[in-house]
Amino acid sequence: RLAYKSLKTGETGYTLGKMDVERAGAISSEAFKISSESGLGKAVDFIGAAFRSPGRALGASDEFFKSIGYRMELHAQALRQATHEGNKGKALAERMQDLIDNPPEHIKIGAADAALYMTFTNQLGEFGKGLSKLRNIDTPLNPLPFILPFLKTPMNIAKYSFERSPVAPLVGQWRADVAAGGARKDIALARMATGTAIMAIASDFAASGVISGAGPQAAGKREALERQGWQPYSIKVGERWYSYNRMDPFGMTMGAAADYNEYMSNGEMDPEDVDEWQEVAAGMITVVSNATVSKTYLRGFADFVDIMTDPTRNSEGYIKNFVGSFVPSIVGTGEGIGDPVQKRQGR
């Protein structure tokens with residue numbers, strides 16, 4: 001019901017949704033000071049509604065999954081409290097139902113926090129808040145809105161992924177949960193163990209050639225693989241590759257495992273060689289970087305890093321991509337339909 005209401009009205013019930021800034025009706029009869037009853041006003045409102053439909057759909061999907069997350073945590077919290085109070089059997093079920101129907105404040109707050117966490121819309125940490133303030137500085141010379149058009153959701157996805165990996169102790173929230181003890185500690189440890197197990201399985205698949213990572217950097221080797229149908233951050237089913245790069249947060253976990261396997265397979269390790277272990281540590285940093293910046297929502301940041309690394313070679317491509325980003329993707333899709341190369345490749 002909340003998802004339908006959000007889709008109908010364009011409003012969200014908990015936060016601003018996946019869009020990091022408020023979606024104002026910039027294309028509307030009110031904005032252009034045209035009568036909404038006139039033919040021109042109705043046409044402008046219709047066009048504005050069409051342009052806002054993707055954001056409205058995101059808001060509706062957010063409400064749908066927030067509702068599921070809220071009810072999940074509400075039941076979990078009710079079970080914990082009812083069990084902690086010593087209830088059993090029928091008394092346990094009745095006490096749980098009472099807590100669900102009339103949840104106390106601490107259970108409602110916990111369920112709301114869980115809903116935000118599960119949809120990657122929870123509040124950022126100190127670093128994220130500082131970066132958000134810099135991005136929101138109102139000046140024409142501020143490049144951050146173009147480099148990082150999305151901030152809250154990508155950072156929360158990254159934190160969510162790291163909490164489910166061997167590097168979980170580096171995440172402040174994970175350490176706080178472990179220090180709190182009780183159910184929070186158990187859940188934090190379970191997240192780390194589950195994510196690490198997924199990485200181990202993905203690494204095994206990568207070693208078998210079923211899952212791909214970023215692939216070789218050398219242009220010749222990469223083109224040779226691509227001619228055989230290979231593509232980065234994909235899983236092989238039969239003779240075709242299917243991308244998992246957008247299946248976050250698990251796509252990031254799988255990508256990091258595949259990248260690390262590719263890095264390790266490039267040479268043999270000597271356990272007593274300190275220099276090689278330093279290279280492995282550096283490789284792990286590279287792996288995390290590749291798995292993070294390969295995401296479409298961080299494309300602007302990745303391109304900016306490239307141009308700062310080698311402005312002579314990468315500046316022209318960056319400018320073309322930046323200008324091209326203002327062209328609706330449907331235009332490129334229409335051109336691709338008539339591309340004979342794509343037809344032959346079956347893409």
Peer 1: Decide yes or no on side-chain contact (heavy atoms from CB on, under 4.5 Å) for V210 and I235, but give the supporting numbers first.
Peer 2: CA-CA 6 Å; V210 178; I235 182 169; 4.1 Å; yes
Peer 1: Does a sphere of radius 6.0 Å around OH in Y117 hold more than 12 heavy atoms from other residues, nucleotides or ligands, not counting ones at 6.0 Å or beyond?
Peer 2: yes
Peer 1: Hydrophobic clustering (ILVMFWY, side-chain heavy atoms < 4.5 Å, transitive) - are F46 and V44 grouped together?
Peer 2: no
Peer 1: Between S53 (side chain only) and A50 (backbone N and O only), is there a donor and an acceptor less than 3.5 Å apart?
Peer 2: yes
Peer 1: Might you work through the side-chain contact (heavy atoms from CB on, under 4.5 Å) test for K236 and I211, ending with a clear yes or no?
Peer 2: CA-CA 6 Å; K236 189 177 184 181; I211 291 179; over 6 Å; no
Peer 1: Locate the shortest heavy-atom distance separating R56 from L7; write the atom from each residue and the value.
Peer 2: CD-O, 2.7 Å
Peer 1: Taking atom types as modelled and ignoring hydrogens, do the side chains of Q81 and Q77 form a donor-acceptor contact shorter than 3.5 angstrom?
Peer 2: no
Peer 1: Will you find, in the side chains of S28 and D45, an N or O donor that is under 3.5 Å from an N or O acceptor?
Peer 2: no
Peer 1: With sequence neighbours excluded, tell me which residues meet side-chain hydrogen bond (donor to acceptor under 3.5 Å, both in side chains) with H84.
Peer 2: none
Peer 1: When you compare the side chain of M199 with that of P166, does any pair of heavy atoms fall below 4.5 Å?
Peer 2: yes
Peer 1: Is there a donor-acceptor pair closer than 3.5 Å between any side-chain N or O of S61 and the backbone N or O of L58?
Peer 2: yes
Peer 1: N87 side chain to L92 main-chain N or O, any donor-acceptor pair under 3.5 Å?
Peer 2: no
Peer 1: Dump the intermediate steps for side-chain contact (heavy atoms from CB on, under 4.5 Å) on K66 and T121, then the final yes or no.
Peer 2: CA-CA 10 Å; K66 276 190 175 75; T121 52; 3.3 Å; yes
Peer 1: Look only at the side chain of S212 and the backbone of S234, and say whether a donor-acceptor pair between them is shorter than 3.5 Å.
Peer 2: yes
Peer 1: Say whether, by atom type as modelled, one donor and one acceptor occur between the side chain of N136 and the main chain of S132 under 3.5 angstrom.
Peer 2: yes
Peer 1: Under the 3.5 angstrom rule, does the side chain of D177 hit a backbone N or O of I187 as a donor-acceptor pair?
Peer 2: no
Peer 1: Can E163 and K159 be counted as an ion pair, charged N to O under 4.0 angstrom?
Peer 2: no
Peer 1: Is NZ or CZ of R164 both nearer than 6.0 Å to the six-membered ring centre of F162 and within 45° of the ring axis?
Peer 2: no
Peer 1: Taking all non-hydrogen atoms of both residues, which atom of P169 and which atom of M192 are closest, and how far apart?
Peer 2: CD-CE, 4.1 Å
Peer 1: Report the C-alpha distance between M118 and Y70 in whole Å, list the side-chain angles of each, state the deciding distance to 0.1 Å, and finish with yes or no for side-chain contact (heavy atoms from CB on, under 4.5 Å).
Peer 2: CA-CA 9 Å; M118 293 177 189; Y70 182 88; over 6 Å; no
Peer 1: Can the ring centres of Y244 and F250 be said to be less than 6.0 Å apart?
Peer 2: no
Peer 1: Does E63 pair with K5 as a salt bridge, N-O distance under 4.0 Å?
Peer 2: no
Peer 1: Using modelled atom types and a 3.5 Å cut-off, is there a donor and acceptor pairing between side-chain atoms of S6 and backbone atoms of L2?
Peer 2: no
Peer 1: Under a 3.5 Å threshold, yes or no: a donor from one side chain and an acceptor from the other, between D259 and Y233?
Peer 2: yes
